[in-house]
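Please read these numbers as outputs of a predicted model, since none were measured by experiment.
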Amino acid sequence: MTLQDALDALADPVRRSIVRELSTGPDFTRACGAFDLPVSKATASHHFAVLRAAGLLEQLDAGPRRLNRLRRPEFDARFPGLLALVLAEE
């Protein structure tokens, strides 16, 4: 996980909204399809893949659903304060 990957992933407003939504609930309770995103299903899949590749998200397959967890402790350990800034933005 590099700082550039993290900044690139968090630069997109759709990805920031996914991160914000994941920060408000328990781990592995939100499936990818449960997010109300203003993009197509294929584009949403791309956004989730970018967040996963940047180390912001962990996904778990549960039958036909893919559940998500924000890797906040790991991300905060690597980049202290960065995620807090993103989550504080409205």
field: Side-chain touch Leu22/Arg72, heavy atoms, less than 4.5 angstrom
entry: no
task: Determine yes or no for a side-chain-to-main-chain donor-acceptor pair under 3.5 angstrom, with Arg66 supplying the side chain and Cys32 the backbone.
output: no
message: Determine whether Leu37 and Phe48 satisfy the following criterion, side chain to side chain contact (heavy atoms under 4.5 Å, CB included), listing intermediate values before the conclusion.
response: CA-CA 11 Å; Leu37 302 174; Phe48 281 99; 4.2 Å; yes
Heavy-atom closest contact (Arg15 atom, Asp8 atom, distance): NH2-O, 3.3 Å
- line: All heavy atoms of Ala44 vs all of Val39, minimum pair found to be N-CG2, 3.8 Å
- prompt: Can you find a pair of side-chain heavy atoms, one from Arg52 and one from Glu58, that are under 4.5 Å apart?
  reply: no
- prompt: Step by step, would you call Leu3 with Leu82 a side chain to side chain contact (heavy atoms under 4.5 Å, CB included)?
  reply: CA-CA 10 Å; Leu3 178 58; Leu82 180 58; 4.2 Å; yes
- request: Before accepting this row, confirm whether a basic side-chain N of the pair Glu74/Arg69 lies closer than 4.0 Å to the acidic partner's carboxylate O.
  value: yes
- line: Heavy-atom closest pair (Leu56 atom, Leu70 atom, distance to 0.1 Å) is O-CD1, 3.3 Å
- prompt: With the 4.5 Å side-chain cut-off for hydrophobic clustering, are Leu57 and Val50 part of the same group?
  reply: no
query: Checking side chain to side chain contact (heavy atoms under 4.5 Å, CB included) for the pair Arg71/Met1: CA distance, chi angles, key distance, verdict?
result: CA-CA 12 Å; Arg71 297 181 68 219; Met1 175 184 339; 4.1 Å; yes
- prompt: So which pairs with a foot in residues 28-39 pass side-chain hydrogen bond (donor to acceptor under 3.5 Å, both in side chains), sequence neighbours left out?
  reply: Glu21-Arg30
Phe75 versus Ala6, closest heavy-atom pair with distance: CZ-CB, 3.6 Å
- prompt: When clusters are formed by joining ILVMFWY residues with side-chain heavy atoms under 4.5 Å apart, either directly or through shared neighbours, do Leu85 and Leu83 land in the same one?
  reply: no
message: Going by the rule salt bridge (charged side-chain N to carboxylate O under 4.0 Å, His left out), which residues pair with Arg16 if we only count those two or more places apart in sequence or in a different chain?
response: Glu89
- prompt: For Leu67, which fellow cluster members are found when Ile, Leu, Val, Met, Phe, Trp and Tyr are connected by side-chain heavy-atom distances below 4.5 angstrom, either directly or through intermediates?
  reply: Phe28, Leu60
